[in-house]
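Every chain is numbered from 1 and lettered A, B, ... according to where its sequence line falls, protein lines coming before strand lines.
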There are 2 protein chains.
Amino acid sequence: MTEHTRRAPRQAEAERNDRALLQAAREVLALDGEHASVARIAERAGVGIGSLYRRYRTKEELFQRLCEIALDDYLAAAEQGLADDDPWAGLAHYVTSSIALGPGSLGPIAGTIALTDAMNASSERADAAVAALVERAHAAGVLRPDVTAADLELLIEQLTKSPLVDQLNRQGRTDLAEAARNARARITAIALDGLRAPAPHPLPGDPPGYELFTERWKPAT
Amino acid sequence: MTEHTRRAPRQAEAERNDRALLQAAREVLALDGEHASVARIAERAGVGIGSLYRRYRTKEELFQRLCEIALDDYLAAAEQGLADDDPWAGLAHYVTSSIALGPGSLGPIAGTIALTDAMNASSERADAAVAALVERAHAAGVLRPDVTAADLELLIEQLTKSPLVDQLNRQGRTDLAEAARNARARITAIALDGLRAPAPHPLPGDPPGYELFTERWKPAT
DNA sequence: GCTATACCGGAGCGAATCGCTCCGCAAGCG
DNA sequence: CGCTTGCGGAGCGATTCGCTCCGGTATAGC
């Protein structure tokens, strides 16, 4: 065997396939949730199952990579929000961007895969950025004072996954997808208006703790 | 064979089992969504699979019955709201009650079962009641004017299904269930505040049409 | 008590689907 | 051409599905 072997002949195709796989995985995961199958992902990517398993040794490894990307997307949205000088506009940008990112694949598979270092790192940075966004908005008096960062993240998660959109996709009713997106935008606007100061009355109960987020990535069923 | 045979020996037990089955089916459906299995339902009800299939000839028949009950619950919530003299309190009651009912089993199985006459009837009455609730709130000037009944129903659906609660249940973290419920109550309050008149700005896009609701009960994948 | 009967629980069937392996083949390079 | 490299997908064992079927059990009448 020679020292420097031949250059990879079909390397470009491999790279294209990898990108297609990640995109398809994201879509299928958003569609089928925790029951997304590798076969369906490969098919949607227009790639053989064999190629998928050459790139990722297991399904879990693929999902971990996907989570890392999704977490980075959320982080970017938060940091873009911070870059806006207007505290309210920055916060609103984070909320709408996060929701527009779609079910970033996180929710459905939380607790089903092991955490990687990259996931932990991005997650911590994102939490910090969101905390800063909330703090700044509070200081400026544009965010109702009894809303915490945990409230905000839970609200986003709640609005991210849409039963309606999911089902329409599953039925292949792409003709209604646009209407469904528009409907969700309206709901998002309603929720955002509910976040503005001043609040007509304080929120019920105690503020949610962060253990609701951390605990869910622990061992599954 | 004599004309009038013996009376049923174990009829009371059969009735108890039926109620347990419906309750269990509701819970499992809320937990596992479209992938709820009859075995799990029977187990949760503390009843054999055989007994389930003696009462309901197929899984679909059980789900249809469940849907009828859930639709009646929603209808009752709407009519209770109308019974309240205060337009806003009535509307808020409908929203919070619907959400508290939990994922009434409707969303997850929409499109997977055939519609019964009872389902259609309840559904129509419920739609009329909600329309009246919205109209009355508009007339009283307490509901932001650009919100339609369809907006409201979509908002409720969006808040009904909680990824967080579902996952915690699946992990058996009953210790966090209370915190999760409280967190959702806060989010519901935020959304309700966003619905109050006057609105800081009009909602984006066109009002959603009702075809988003009707179309989803059509033939599945 | 005993018998007849209505109802119970669950082992287990065939079918479907899962994650994943393995291998014959095609495409690009010298 | 020969060699390498990545490709697609048939198919494996395991699991899970909806559902059937039957031996057993509790109860009402005698």
>> Under the criterion side chain to side chain donor-acceptor pair (under 3.5 Å), I'd like the reasoning laid out for B:Asp18 against B:Tyr56: C-alpha separation, chi angles, the key distance, then a yes or no.
In response: CA-CA 10 Å; B:Asp18 187 28; B:Tyr56 302 96; 2.8 Å; yes

Contacts of A:Arg19 meeting side-chain hydrogen bond (donor to acceptor under 3.5 Å, both in side chains) (sequence neighbours excluded), chain-then-number -> none

In numerical order, the residues of residues 50-65 of chain B whose heavy atoms come under 4.0 Å of DNA chain C are B:Gly50, B:Ser51, B:Arg54

Which pairs of donor and acceptor atoms, one on a side chain in residues 117-127 of chain B, lie under 3.5 Å apart (sequence neighbours left out)?
{"residue": "B:Ser122", "atom": "OG", "partner": "B:Asp72", "partner atom": "OD1", "Å": "2.6"}
{"residue": "B:Ser122", "atom": "OG", "partner": "B:Ala118", "partner atom": "O", "Å": "3.4"}
{"residue": "B:Arg125", "atom": "NH2", "partner": "B:Glu79", "partner atom": "OE2", "Å": "2.9"}

The complete set of ring pair (Phe, Tyr, Trp, His ring centres under 6.0 Å) pairs with one or both residues in residues 17-40 of chain B, sequence neighbours excluded, reads A:His35-B:His35

Rounded to whole Å, the CG-P distance (A:Leu21 to C:dG19) equals 14 Å

In whole angstroms, the gap separating C1' of D:dC22 from CD1 of B:Ile49 amounts to 14 Å

Sorted by chain and number, sequence neighbours left out, side-chain hydrogen bond (donor to acceptor under 3.5 Å, both in side chains) with B:Glu43 holds for none

The correct set of residues in residues 32-40 of chain A placing a heavy atom under 4.0 Å from DNA chain D is none

When rounded to whole Å, the CD to C1' distance for the pair B:Glu15 and C:dC7 reads 14 Å

Give a yes or no on whether the backbone of A:Ala110 and the side-chain of A:Arg216 come within a donor-acceptor separation of less than 3.5 Å.
no

OG1 (B:Thr160) and CD1 (B:Ile99) are apart, to the nearest 0.5 Å, by 5.5 Å

Rounded to whole Å, CZ of A:Arg16 lies from C1' of D:dG8 at a distance of 15 Å

Do the side chain of B:Gln64 and the main chain of B:Leu115 share a donor and acceptor less than 3.5 angstrom apart?
no

A:Asp18 CG to D:dG6 P, in whole Å, measures 13 Å

| Closer than 4.0 Å, any side-chain N/O of A:Asn17 to the OP1 or OP2 of D:dC7? | yes

